[in-house]
Each structure stands twice: as C-alpha cells, then as structure tokens.
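Following: one structure in structure tokens, then a few remarks.
The first residue in the sequence is number 1, and the count goes up from there.
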Amino acid sequence: MSGEQQARHQHDQVSFLELLARGAAVEAYDRPVLLARADGADAAALAGLEHAKQLALRVRAELEGRRRREAELSALFETAHDLAGLRDLDAVLRAIVQRARSLLGTEVAYLSLNDPVAGDTYMRVTDGSVSARFQQLRLGMGEGLGGLVAQTARPYVTDDYFRDDRFQHTRAIDAGVRDEGLVAILGVPLTLGSQVIGVLFAADRRARVFERGQVALLGSFAAHAAVAIDTANLLAETRTALTELERANGIIRDRSGVIERASEVHDRLTELVLRGGGVRDVADAVSEVLGGTVEFTEARQPRASADGRAVRRGDAWVAAVSAGGEVFGALVLRCSDRLDPVDRRTLERAAMVTSLLLLAHRSAGEAEQRVRGELLDDLIDAPGRDPRLLKDRAARLHADFGVRHVVLAARLERDREDPAADGPAPGDAAHPRTSAPTAPPSASATSGAPAGGAAAAPAGPGRAHADRQRLWSAASHLAATRRGLASNRDGGTVLLLPLGPDETAAGVARRTALDLGRTLREPVTVGASAPAKPPAADPAAIGPAYAEARRCLGALALLGRAGEGAAADDLGFLGLLLADRGDIDGFVERTIGPVVAYDRRRGTELVRTLDAYYATGMSPARTRELLHVHVNTVAQRLERVGRLLGEDWQSPDRSLEVRLALRLHLLSPALSR
C-alpha cells in the first residue's frame, strides 16, 4: 500500500469519530469501509477499519443508552415534581401517560383503574387513542391482558394481541382493541401495598418486542401513578375530614354551654362511682341537676325503652337500668318542666352509671364467694398450710375459725336422678376439686339474695352444670350470712359452718337442707359430719370431716331420704360405721371377700343371690321367685356360698356379720364418694 493510501485509511478511521460527534445514523458507519475497499486497501487495512467501525458503533450504542436513561430519569424527576405539587389528579395522570408513551416510543399509552363498586375496570386516561369505543371500554375483572396483570400483579407483554391465548379474550375487549388497531401491548400493575388498583399500558399498532428496560421504565411510571392516586385519595379524605371537623366545631361552639353542663354532670356521676356511692346517691345528684325527683325502681312499670333511651310515660320520664340484656329496673324522673335532649341524655347516662354500680356490687359479692370457696378448698386439700395464714384469710372474710364447725355436703335431688350427675358437669375440670362457677346475673343478686333462687334450671346437656351453679350460689349466700364458707366440689357443694353453743350437727344439716330447698324451690339433700375442732386449732380435721359428710350424703340417698338433712348420729349403727371409715373395707373383705372375688372372676351372681336370700327372709322358694330362676339354681348358689364362707355362715352370729358386710358392700359406691 502506498503512503497516500495509508494516509487515506487513517483519515477514514478518524472519520468514525466525526460520525460519533455529529450523531450520524448507523448506516453512515459503513461508508469509510466501502471507500477503503474501493481504493484497493489490503485485508489488514480493511480489518482495522472494520474493527474501528465496531468500536464506534458500541460507543454510539452506549451514548444512545445513556441519553435514553437520562431522558427517562428526567421524565421520572418531572413526574415526582408534579406529584410534589399535586393539585389536579387528572393532570398528573395525563402527564404520566404522555411521558410513558414518549419515552417508550409507542403510538398509544393508557391507564385503567379498578371500580370496586361495579366490580370491573375502566379507562381512566388515554394518550394517542383515536377510537371512542376503546376510550369508553370497561373490562370485567380477569378479562383481557389487563385482567391477567391485575390478577397476578405482574407485568405482561404481547407482541401480537389477537394471537396470544394466555389471557381471556372477550368480544367487547377484542372489538375495542381491533377498533383502535392495537397489536403489541405492554401492561404493568398499579399497586398499593399488595392491592392492585389498576394497570398502565403502552401499545403499538404493529408487532413489536418490548425490551426489559422498557418494561422496568413503564413499571416506574406505574408506581408514580399509584402514588398520585393514593395521595389524591388521602387529600380528598383530609378535605372531607376537615369539612366535618369544621362542622363539628360549629356545633360545639353553638352548644358549648350545654356540653359544659353535661360534662359537669358526668364528672359528678364519675365521682360517685369512684368513691363507692350507691344508687340513692346517683338519684339525688340527678334530681338536683334536673330540678325534679328521681327514683330507682325495680318494677318494670312504668315500662322503659329496650334501647336504653329515656321515654315519656304519663307524667314521668323513664330510663331503663340494664346491662347485657338484663333489666335491673329503671330511673324515673318526675318534673314539671319539659325535658330537652341534653337533659334526657343526662338521665340516660345516670341510668348507665346505676347499672355499673349494681354490676360492681354484684361482682364484688361473686368475688368474695370465690375467695371463700378457695379458702375452704385449701382446708380440705392442703391441711398442712400455716394455720396463722389460714386464720388471717378467714378474718378478712369475717369467718370465725375459733369455734367448732360442721362440714356439710349438699346435692340437688335432681342430680341424684341424673345419670351424668356423678361426673363432672360440662365446663367442670376432671379433678374432683372444681372452680366455683360464676353466678348468672340476676336482679335478685343486686339486692343481696342468692342469684337464680327461683329460676328453674334449663333442660339439656348443661342442666346438671346449671343446677350445681344455682346450688353453689345459694349455698355461698347462706354461708356468708352465717360467717362460714362454701365451695363447689365433686359434683355438689360443700359448706363449712360454725356451730353455736346449743346447736348440733344434725340440726344444722336439717336447717340447711330446708333453707336451700326453699331458696331453690326443689329438694336439696344435705349430709353432715360430726362436729369438727376449730379450724384455727386443727385445720387437718376439715378434710376427714368432708369425707364423712359425703358418705352421709350418699347413705341418705340410698336410704330413700333424699331432700332431707342428717348427720351420722341420725343413722344409728350405720351412722357409727360412717363416722369411722377406717376398717369398713377390711370388714367386708374378711366377711364376704371370697364371694365377691368369686363373682368378679367368674361373672356369677352369688352376691345378688345372697341379697335376695336375706330380703325374702332366708326362703329359697321366695328367692327363686324374686330372681326368676329355678329353685335348684338357688340351692346350688347357696351351696357355693357355703363352701366359700364356711359351713356355719347361716348361724345367728355369722349370719348377722354376713348381712352387715353385704349391706356395706352394696353401699360402698355411695360411701366412697
């Protein structure tokens, strides 16, 4: 190559820089190579020029990318600036759509928003659209490319809309898209948190592949659009709140005097509650403020409104005193003047405060009942506790632990007839010691009477639990009035009552059964222990006394004396055995143990035959009739009994022991409770 040609080729390489400098089109970069080839440049020179061309094109692409990113950042900055000074939401959304269309170089850009009321989505802003049908298009949720974007919260792009089967085509959507002439469509979601509120689109009327950077750019504009919508909504809510606040301020200014008066009444009623005032104090305070006479009545007449509003009844205003659907009574105001709305509200607030006072007094009573039950449970279950601590707890409950006491086990007669009564009631713990139930609210409880005294227990699976609840409530009230304790245990109720100088355990049991039965209006059986030492001196005596009372209760039921009260002293020789449980099991085992064991092993009925034999006056023939078996069967069973117990088992002395052991064995399920 000549020197002139080399200079020419060097000039051609420099020309690439000139092309870059003036931003020439891509086609212009082929000219230096074509000229060098025409001048006869050798292969090395042509290769050098080709390499320089490729470098120049790479630099050009990099410069183009930077200019594009600069334009995108500038557009995003302008959008953020528009949002900062947001005044008109439509103007901001139009600017976003226009910038998106310009930067992506598409023919059309548009934005749709979801309508939660109509359950569809609609066109909010369009740019470059020429079809009125397209601009008014409404799409059902999940339909079209926009529905797919809204459903998945992810961007979707199609280079040929009508050939893409990834989304659901509908006649209305396809008609609108065809009318607009769109082919390639890119859609990105507008999201607030995890919620999709709309879709931003860019589209062309020819096939086109959208690059990843363009998808990201449109997503950035969508984020700005979502912020604009959220900001506009917040501004609207703020304006609404300010308007309502101004309206409220106007009302407050107009009624400031009335509000101050109502506030004063409220403060006064609050003070009454805090210092432990009573219903009478509330009535007096309201009487003074309203200038009339206010009385609390437990009667339902004059009838009060069920919604707690004060209503006119004759010459009086009446406000119901109620809580949780239970009506305690009413506040009745008698005044000569007409009652304005604020004064009616004052009467209603006083009725509410009265109900709170009544509930507080009731809750205090129920809490005291539970504390009394816990102390009695500790005496029975943990007799080793420090006597001084037990005595201090009793003193706080006004229970006298310095005198002899009697332990009483009480049970409703219906519990004995209920097969499920011996097990835990619904809601009771499986452990014999059960927590005291909370007595149901009742008007009688607010006046000091035991809750649920006259109400019958509801039928159904919860009846046993309701019966025990009523029994515990009545027994707790009775124990509190006698300076004693009561607790809910073992499917019934236990009471610990002090004995007066002239009182007996049997007398206390009979009186307790009578009082509880009268309160609950159904029979209550009460078994009593022998008098126990003062709990302060011997706390361990209460547990055995409770066991004795329960055995006595079971014996009363088996003896057909349900609904009565008795102590072991009332049961004769059986009572002496009940009072000393120590060796009853041993006596039964020594006397008829072989017979009981034989029945258990073989599944025979020797014990039942013995019981029938003694019940019929030791007559085999009448025993056969009672058992409905053959007389030979009776003879064989009695012969087996003789071999097990010995030949003298029917002698007078042995027969008495056998009969007594048999009776104790049959009573053992009740005595073991």
Side-chain angles (χ1 to χ4, degrees), residues 25-26 61 64-80 82 90-113 121-137 139 143-150 152-164 166-167 169 173-191 196-229:
V26 175
E64 284 294 325
R66 292 189 178 186
R67 280 195 293 269
R68 185 174 62 255
R69 286 193 292 273
E70 181 180 354
E72 293 172 356
L73 291 175
S74 177
L76 290 174
F77 176 79
E78 292 174 0
T79 301
D82 292 342
D90 288 337
V92 174
L93 294 181
R94 279 196 299 272
I96 290 174
V97 171
Q98 290 169 359
R99 289 167 188 155
R101 177 191 174 197
S102 174
L103 287 176
L104 268 68
T106 59
E107 296 174 283
V108 181
Y110 51 98
L111 183 148
S112 68
L113 292 180
T121 183
Y122 63 96
M123 291 294 182
R124 183 71 164 80
V125 180
T126 64
D127 187 63
S129 172
V130 296
S131 168
R133 176 188 296 181
F134 182 78
Q135 295 169 9
Q136 299 172 4
L137 195 62
L139 307 119
E143 297 176 351
L145 184 141
L148 184 61
V149 173
T152 62
R154 294 173 55 189
Y156 272 87
V157 61
T158 177
D159 54 2
D160 192 339
Y161 175 84
F162 291 100
R163 293 184 180 181
D164 198 331
R166 290 177 300 168
F167 42 83
H169 288 268
I173 299 174
D174 288 356
V177 173
R178 187 176 289 107
D179 198 29
E180 188 64 51
L182 300 181
V183 177
I185 303 175
L186 166 63
V188 295
L190 278 69
T191 59
V196 178
I197 63 171
V199 181
L200 179 61
F201 299 89
D204 263 340
R205 296 185 175 92
R206 55 186 174 79
R208 170 180 176 171
V209 176
F210 288 95
E211 299 175 358
R212 181 176 301 178
Q214 294 173 322
V215 176
L217 176 61
L218 193 63
S220 298
F221 279 110
H224 283 296
V227 171
I229 295 169

Sub-3.5 Å donor-acceptor pair from the side chain of Gln135 to the main-chain atoms of Ser129, do we have one? yes

Could you report the tightest heavy-atom contact between Val149 and Gly187, atom names first, then the distance? CG2-O, 3.7 Å

Is the side chain of Thr121 donor-acceptor paired with the backbone N or O of Leu113 at a distance under 3.5 Å, no angle test? yes

Where does the angle between the aromatic ring planes of Phe134 and Tyr110 fall among parallel (under 30°), tilted (30 to 60°) and perpendicular (over 60°)? perpendicular

Do side-chain atoms of Asp204 reach the backbone of Arg206 as a donor and acceptor pair under 3.5 angstrom? no

Gln214 vs Arg208, test: side chain to side chain contact (heavy atoms under 4.5 Å, CB included). Steps then yes/no. CA-CA 12 Å; Gln214 294 173 322; Arg208 170 180 176 171; 2.9 Å; yes

Interatomic distance, CZ@Arg163 vs OG1@Thr158, rounded to 0.5 Å, equals 10.5 Å

For side chain to side chain contact (heavy atoms under 4.5 Å, CB included), just list the numbers for Leu218 and Phe210, CA-CA rounded to whole Å, side-chain angles, deciding distance to a tenth of an Å, and then say yes or no. CA-CA 11 Å; Leu218 193 63; Phe210 288 95; over 6 Å; no

Which heavy atom of Val108 sits nearest to which heavy atom of Thr106, and what is that distance? O-OG1, 3.2 Å

Can you name the nearest heavy-atom pair linking Val183 to Ala207, along with the distance? CG1-N, 3.8 Å

Main-chain N/O of Glu180 paired to Arg205 side chain as donor or acceptor, under 3.5 Å: yes

Flag the pair Tyr161 / Phe167 as yes when their ring centroid distance falls below 6.0 Å, and as no otherwise. yes

So, taking the atom named CG in Leu186 and the one named CD in Glu211, what distance separates them when rounded to the nearest 0.5 Å? 11.5 Å

When you look at Phe221 and Val188, which way does the side chain to side chain contact (heavy atoms under 4.5 Å, CB included) test go after all the steps? CA-CA 9 Å; Phe221 279 110; Val188 295; over 6 Å; no

Can you confirm whether Arg166 is buried at CZ, in the sense that more than 12 heavy atoms of other residues, nucleotides or ligands lie under 6.0 Å from that atom? yes

Taking all non-hydrogen atoms of both residues, which atom of Gly144 and which atom of Ile173 are closest, and how far apart? N-CD1, 3.8 Å

Determine the minimum heavy-atom distance between Val97 and Thr126, stating which atoms define it. CG1-C, 4.4 Å

To the nearest 0.5 Å, atom CG of Leu217 lies from atom CG of Leu104 at 5.5 Å

When rounded to the nearest 0.5 angstrom, what is the spacing between CZ in Arg124 and CZ in Arg94? 9.0 Å

Output, in order, the C-alpha distance, side-chain angles, deciding distance and verdict of side chain to side chain contact (heavy atoms under 4.5 Å, CB included) for Val157 and Val209. CA-CA 8 Å; Val157 61; Val209 176; over 6 Å; no

Rounding to 0.5 Å, atoms CG (Leu111) and CG (Asp127) come to a distance of 11.5 Å

Testing the basics here: between Val196 and Pro189, what is the closest heavy-atom pair and its distance to 0.1 Å? CG1-CB, 4.3 Å

Backbone N/O of Gln98 and side chain of Ser102: donor-acceptor pair under 3.5 Å: no

Exam field: side chain Arg101 to backbone Glu107, donor-acceptor pair closer than 3.5 Å: yes

Quick check for you: to the nearest 0.5 Å, what is the distance between Asp160 atom CG and Ile185 atom CD1? 9.5 Å

